[in-house]
Amino acid sequence: MEKHHIETMIDEEAVNTRIKELGEEISRDYAGKTIQLICILKGSVYFTCELAKRITVPVIMDFMQCSSYGAATKSSGVVKLSKDLDMAITDRHVIIIEDIIDSGRTLSHLKNLLAQRNPKSLKICTLLDKPDRRVVDVDVDYVGFQIEDKFVVGYGLDYDQLYRNLPYIGVVEFE
């Protein structure tokens, strides 16, 4: 692993405040309904759990695992699905929860896959969005923060499996 250090990009207080706002917005949008959150493993676990605690309508949670990174810092372009859902989503209000949207390949692939399973509605919520890196158009319904094209860690995001547990978003600065 290259020598590096982490600089704070978005502090813990700002992350918590924004997640609370997203929870309130989703709760308003789905008033009187039950929603099924689909957490994209591994990176979205922290964000999904914190968001779910702040949503006031009934929530069902399920998990999928896919990636297009491996141990690299840039997307490989190949989306690999390694864990599918345990529950059906037919006729349910579904929100895909992602930690970060970069190229858009993974989310575009997932949204198309899940849309074929006939949910009542299908939306995307991401903690971080990097629109400058987009190579595939994907509509994102709920965005925590739009960030510039930097390699970030914390709040579930990792660098070679490290730093997921940081309570803030940090930029990896290579030396």
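Below, each value reflects all heavy atoms present in this structure, side chains not excepted, and no hydrogens, waters or symmetry copies. This structure is a prediction, so every number in the text was calculated from the model and none was measured.
The minimum heavy-atom distance linking S108 with V138 is given by the pair N-CG2, 4.2 Å. The minimum heavy-atom distance linking I124 with D139 is given by the pair CD1-O, 3.5 Å. The two atoms that bring D29 and Y142 nearest to each other are OD2-OH, 2.6 Å, heavy atoms only. Minimum interatomic distance between L128 and T126 (heavy atoms only, all atoms of both residues): O-OG1, 2.8 Å. Residue E12 comes nearest to Y168 through the heavy atom pair N-CB, 3.7 Å, listed as atom of the first residue, atom of the second, then distance. Here the shortest heavy-atom pairing between P131 and D129 reads CD-O, 3.2 Å.
For the residue pair Y46/N165, the side-chain donor-acceptor check at 3.5 Å is not satisfied. Side-chain contact annotation: H4 with E173, donor-acceptor N/O pair under 3.5 Å absent.
In terms of hydrophobic clustering, with Ile, Leu, Val, Met, Phe, Trp and Tyr side chains grouped at heavy-atom distances under 4.5 Å, L81 and V94 are assigned to a common cluster.
Here CD of E50 is found 6.5 Å from CG of N16. Values are rounded to the nearest 0.5 Å. For the atom pair CD1 of I19 and NZ of K53, the computed distance is 9.5 Å after rounding to the nearest 0.5 Å. Residue K123 holds its NZ atom at 14.5 Å from CD1 of I38, rounded to the nearest 0.5 Å. A distance of 8.0 Å separates CE in M64 from NZ in K83, rounded to the nearest 0.5 Å. From D84, atom CG reaches atom CG of L113 across 6.5 Å, with rounding to the nearest 0.5 Å. Annotation: the span from M61 atom CE to L51 atom CG amounts to 9.5 Å, rounded to 0.5 Å.
Side-chain contact check for F63 versus L85: every heavy-atom pair is 4.5 Å or farther apart. In this structure, the side chains of P119 and T90 stay at 4.5 Å or more apart for every pair of heavy atoms. Annotation: side chain of I55 is not in contact with side chain of L22 (no heavy-atom distance under 4.5 Å). You'll find the side chain of T34 stays beyond 4.5 Å of the side chain of H93, heavy atoms only. A 4.5 Å side-chain heavy-atom check between E175 and E2 finds every atom pair outside the cut-off. Side-chain contact check for I101 versus R134: some heavy-atom pair is nearer than 4.5 Å.
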Could you walk me through whether I10 and I147 pass the side chain to side chain contact (heavy atoms under 4.5 Å, CB included) test, one step at a time?
CA-CA 10 Å; I10 306 168; I147 62 168; 4.1 Å; yes
Would you please test D102 and R133 for salt bridge (charged side-chain N to carboxylate O under 4.0 Å, His left out) and show each step?
CA-CA 5 Å; D102 194 326; R133 298 267 307 147; 2.8 Å; yes
Would C125 and I96 count as a side chain to side chain contact (heavy atoms under 4.5 Å, CB included) if you check the C-alpha gap in whole Å, the side-chain angles of each, and the deciding distance to 0.1 Å?
CA-CA 6 Å; C125 177; I96 302 168; over 6 Å; no
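Ionic pairing of D99 and K42 is not present here: no N-O contact between side-chain nitrogen and carboxylate oxygen is shorter than 4.0 angstrom. Salt-bridge formation is detected for the pair D149/K130: a Lys NZ or Arg NE/NH1/NH2 atom is positioned less than 4.0 Å from an Asp or Glu carboxylate oxygen. Salt bridge absent: R28 and E25 never bring a charged side-chain N and a carboxylate O closer than 4.0 Å.
When the shell of 6.0 Å around CG of N112 is examined, it contains more than 12 heavy atoms from other residues, nucleotides or ligands.
Remark: K20 pairs with E24 by the salt bridge (Lys or Arg N to Asp or Glu O under 4.0 Å) rule, at least two apart or across chains.
Between the side chain of S27 and the backbone N or O of T56 there is at least one donor-acceptor pair closer than 3.5 Å.
Aromatic ring centroids of F174 and Y159 lie under 6.0 Å apart.
Exactly one residue among L127, I40, I100 makes a side chain to side chain contact (heavy atoms under 4.5 Å, CB included) with F47. That residue is L127.
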